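Proteins get letters first, then strands, A, B, ... in listed order; numbering begins at 1 in each. On a predicted model such as this, the values are computed, not experimentally measured, just so you know.
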There are 2 protein chains.
Amino acid sequence: MRTAATSEHCNSRFGIERRDAGLSFPPARPSAAQALPSKCAGCGPRQIAICAAVPEQELARLSAAGISVPIEPGRRFMEEGEAAENFFIVTNGTAKLLKMLPDGRQQITSFVGDGDFLGLALSTQYSYSVEAITQVRLCRFSRPRMRQLFADFPLMEKRLLASACHELVLAQEQMLLLGRKSARERLASFLVHWAGKSEPTSLPGGSRKQILVKLPMSRSDIGDYLGMQIETVSRTLKVLKVAGVIATAPGWGVMIQDLARLQALSGNV
Amino acid sequence: MRTAATSEHCNSRFGIERRDAGLSFPPARPSAAQALPSKCAGCGPRQIAICAAVPEQELARLSAAGISVPIEPGRRFMEEGEAAENFFIVTNGTAKLLKMLPDGRQQITSFVGDGDFLGLALSTQYSYSVEAITQVRLCRFSRPRMRQLFADFPLMEKRLLASACHELVLAQEQMLLLGRKSARERLASFLVHWAGKSEPTSLPGGSRKQILVKLPMSRSDIGDYLGMQIETVSRTLKVLKVAGVIATAPGWGVMIQDLARLQALSGNV
DNA sequence: CGCACACTTGAACCCCCTCAACCCAAGTGG
DNA sequence: CCACTTGGGTTGAGGGGGTTCAAGTGTGCG
């Protein structure tokens, strides 16, 4: 519980010294925008996204910078190699980040959901594609707008660093999984991870604490995420099922019967 | 270059030319220790590390914050799970980042060299270990010192974000490799990547442009990096050798005979 | 109903792992 | 000087986990 230098709670105010190509601070007629409640005010994921760095009384400026966009399931709204013109923040739904090989093989590097930031690119092009799995709603920011936001609210960029840092840790974890774990361990790790995002629903019978995991993605997506074929996913799920560790839940979900055993099977002890 | 957004053209390992002509820094009382030449002044990797955000006349403060430390080959100077008390910047040598499974299996998530930053942790603990491969020299910064540096030189933190961003891209590339590529493709990709770090040595015979790649790490390290066994590394190298794509070089190096074919074999076309 | 689509199941194969021996260069010590 | 050890790398034989190909089973939707 120590003060993290790089990430959380950075109090230091400092003037961002970037030449912002003519963009200057006071763009706002604050009174007018302030009157009506900004759309950001009612945004649930705002609290966990990097937007939390914007104080309540400044939400109007945040709202003015971003445009809310709906995306249909299956639609790609970011393409590897395309010009990186926008940043996105997911406000609703689930999407997948993926990289492709020329021959069509693909690897999903992560699933993103509420509050996740998209569009970090070190060059002028995106290095991966993003495709909506469920119905997705997101906030789009042009690069200049986002730059302006960072200039106005330096804390935002600090939160972004913390977020990138978090993703790096997850990526390293995934590399360990892909490089060194067996199919059963991969699937177990995957389920344990998603179990952590679901609240445990105590069984009415009361015998054991079960966890219902909603899996929005297809078997094919799971395979592309875990580096295995769809058939192997199916077979391995069955193995876990006959072992009594999990059970199929209605509507593309999985009911975890024995989290402890699942964790043991994940290889992480 | 082009209009710079948050992390444009920022590359932690290679030159970042975000020079800030006409930028003013916060208060910064003029250092008294300006007289003697600071050790940072003669530091080669400084230009490519996040230290490049510190202007020349302020190098004394940078020098005061960091402590230069030598590390013997094979020595671990960061351990997964340990309290994250320090940040490091590699000024010389090569080290490996690794994550371990309880049963001993391990995955190397990346190799780091001159100018690379280490120690980003989102919690109070390191999420991976770092072990020196060659003789390594690095600069150690305590968290409070680093925090102070970030407060004094905000550009440093921006460069850090760019660096983390770059590592994320590399991590995604590696996930694609680990999840979807065959052994031969992995090794080819690995060699192509390291060939990019070596300057091509034109063959005296003049027949073809060859590239001598110095590989400081062992076969075991290569295996742990590419997610394959050491025997498979050895066998696959031989396959490439008899195919005439590479040749063994004296002193643990590899001579790339046909970069084009190697790239074709890497699966990236 | 019938088509489409996702998932499951089955059987054969093969790439890579596992285990084991071997090679070779560098110490080390008598 | 040679015997011995040690550690990294190579080579060989065999087996298995996961892929590949193919067919079968739902299930939603026109």
Side-chain angles (χ1 to χ4, degrees), chain A residues 72-74 96 101 103-108 131 133-134 177-191 214-243 246-254 265 267, chain B residues 72-74 96 101 103-108 131 133-134 177-191 214-243 246-254 265 267:
Chain A
E72 295 304 307
K96 57 186 177 186
L101 251 22
D103 63 6
R105 287 174 286 176
Q106 65 180 34
Q107 176 70 32
I108 294 179
E131 183 178 320
I133 293 178
T134 65
L177 180 149
L178 292 171
R180 288 307 180 195
K181 285 188 181 178
S182 71
R184 187 153 3 100
E185 290 171 324
R186 294 181 197 199
L187 205 41
S189 303
F190 176 74
L191 291 174
K214 274 291 290 169
L215 295 179
M217 71 293 291
S218 67
R219 301 284 191 254
S220 165
D221 288 339
I222 297 177
D224 284 338
Y225 180 59
L226 299 178
M228 40 205 272
Q229 299 309 113
I230 176 175
E231 297 95 329
T232 310
V233 174
S234 191
R235 271 185 264 265
T236 309
L237 274 176
K238 171 153 220 186
V239 169
L240 294 178
K241 207 187 305 182
V242 301
I246 64 172
T248 47
W252 263 261
V254 170
L265 287 173
Chain B
E72 295 303 309
K96 57 186 179 187
L101 252 23
D103 63 8
R105 285 174 287 176
Q106 65 180 35
Q107 175 70 30
I108 294 178
E131 184 178 319
I133 293 178
T134 65
L177 180 149
L178 292 171
R180 288 307 182 198
K181 286 188 180 178
S182 72
R184 194 160 16 160
E185 289 170 324
R186 294 182 197 199
L187 204 40
S189 303
F190 175 73
L191 291 174
K214 274 290 292 169
L215 295 178
M217 72 293 289
S218 67
R219 308 284 166 186
S220 165
D221 287 340
I222 297 176
D224 284 338
Y225 181 60
L226 299 178
M228 40 204 272
Q229 299 308 114
I230 175 176
E231 297 95 329
T232 309
V233 173
S234 190
R235 270 185 264 264
T236 309
L237 274 176
K238 171 153 222 188
V239 169
L240 294 178
K241 207 187 304 181
V242 302
I246 63 171
T248 46
W252 261 261
V254 171
L265 287 173

Review point. Within the modelled atom types, does a donor on one side and an acceptor on the other bring the side chain of B:Arg235 and the base of D:dG12 under 3.5 Å apart?
Key: yes
**Study point:** Heavy-atom closest pair, residues A:Ala247 and A:Lys241
**Key:** CA-CG, 4.3 Å
Review point. If you look at every heavy atom in B:Arg186 and B:Leu178, which pair is closest and at what distance?
Key: NH2-O, 3.0 Å
Exercise for review: Begin with the C-alpha distance, continue with both residues' side-chain angles, and end with the deciding distance and a verdict on side-chain contact (heavy atoms from CB on, under 4.5 Å) for B:Glu185 and B:Leu265.
Suggested key: CA-CA 6 Å; B:Glu185 289 170 324; B:Leu265 287 173; over 6 Å; no
Exercise for review: State which of C:dC7, D:dT19, D:dG9 makes the closest approach to the side chain of A:Ser218.
Suggested key: C:dC7
Revision key, fill the gap. Between the CG atom in B:Leu187 and the OG1 atom in B:Thr236, the distance rounded to the nearest 0.5 Å is 6.0 Å
Check your understanding: Within a radius of less than 6.0 Å around CZ of A:Arg105, do more than 12 heavy atoms belonging to other residues, nucleotides or ligands occur?
Key -> yes
Point to revise | Residue-level proximity of residues 180-191 of chain B to DNA chain D when a heavy atom falls under 4.0 Å | key: none
Review point. Any donor and acceptor pair, going by atom type alone, linking the side chain of B:Gln107 with main-chain N or O of A:Leu177 inside 3.5 Å?
Key: no
Check your understanding: Does the pair B:Leu226 and B:Ile108 meet the rule for a side-chain contact (heavy atoms from CB on, under 4.5 Å), with working shown?
Key -> CA-CA 8 Å; B:Leu226 299 178; B:Ile108 294 178; over 6 Å; no
Check your understanding: So which heavy atom on A:Ser189 is nearest to which on A:Lys181, and how close?
Key -> OG-NZ, 2.9 Å
**Study point:** Those residues of residues 224-233 of chain B lying under 4.0 Å from DNA chain C by at least one heavy atom
**Key:** B:Gly227, B:Met228, B:Gln229, B:Glu231, B:Thr232
Point to revise | Rounded distance in Å - CG (A:Asp103) to C1' (D:dT19) | key: 15 Å
Practice item. Could you tell me whether B:Asp224 and A:Arg180 have a side-chain N and a carboxylate O separated by less than 4.0 Å? Key: yes
Point to revise | Contact under 4.0 Å: B:Lys238 side-chain N or O vs D:dT10 OP1/OP2 | key: no
Review point. How does DNA chain C look in dot-bracket notation if pairs are Watson-Crick or G-U with both distances under 3.5 Å, crossing ones as [ ], other-strand ones as |?
Key: ||||||||||||||||||||||||||||||
Exercise for review: Take the protein atom CZ of A:Arg219 and the nucleotide atom C1' of D:dT25, then report the distance between them rounded to whole Å.
Suggested key: 14 Å
Check your understanding: Looking only at N and O atoms, is any donor in the side chain of A:Arg105 or the base of D:dT19 less than 3.5 Å from an acceptor on the other one?
Key -> no
Review point. Say you draw a straight line from CD of A:Gln106 to OG of A:Ser220; how long is it, rounded to the nearest 0.5 Å?
Key: 6.5 Å
Practice item. Please report, rounded to the nearest Å, how far the P atom of C:dA6 is from the CE atom of A:Met217. Key: 16 Å
Study note, to complete from the structure: So CG of A:Leu240 and CG of A:Leu191: to nearest 0.5 Å the spacing works out to 7.0 Å
Check your understanding: Just how far, in rounded Å, is P of C:dT9 from CG of A:Leu237?
Key -> 10 Å
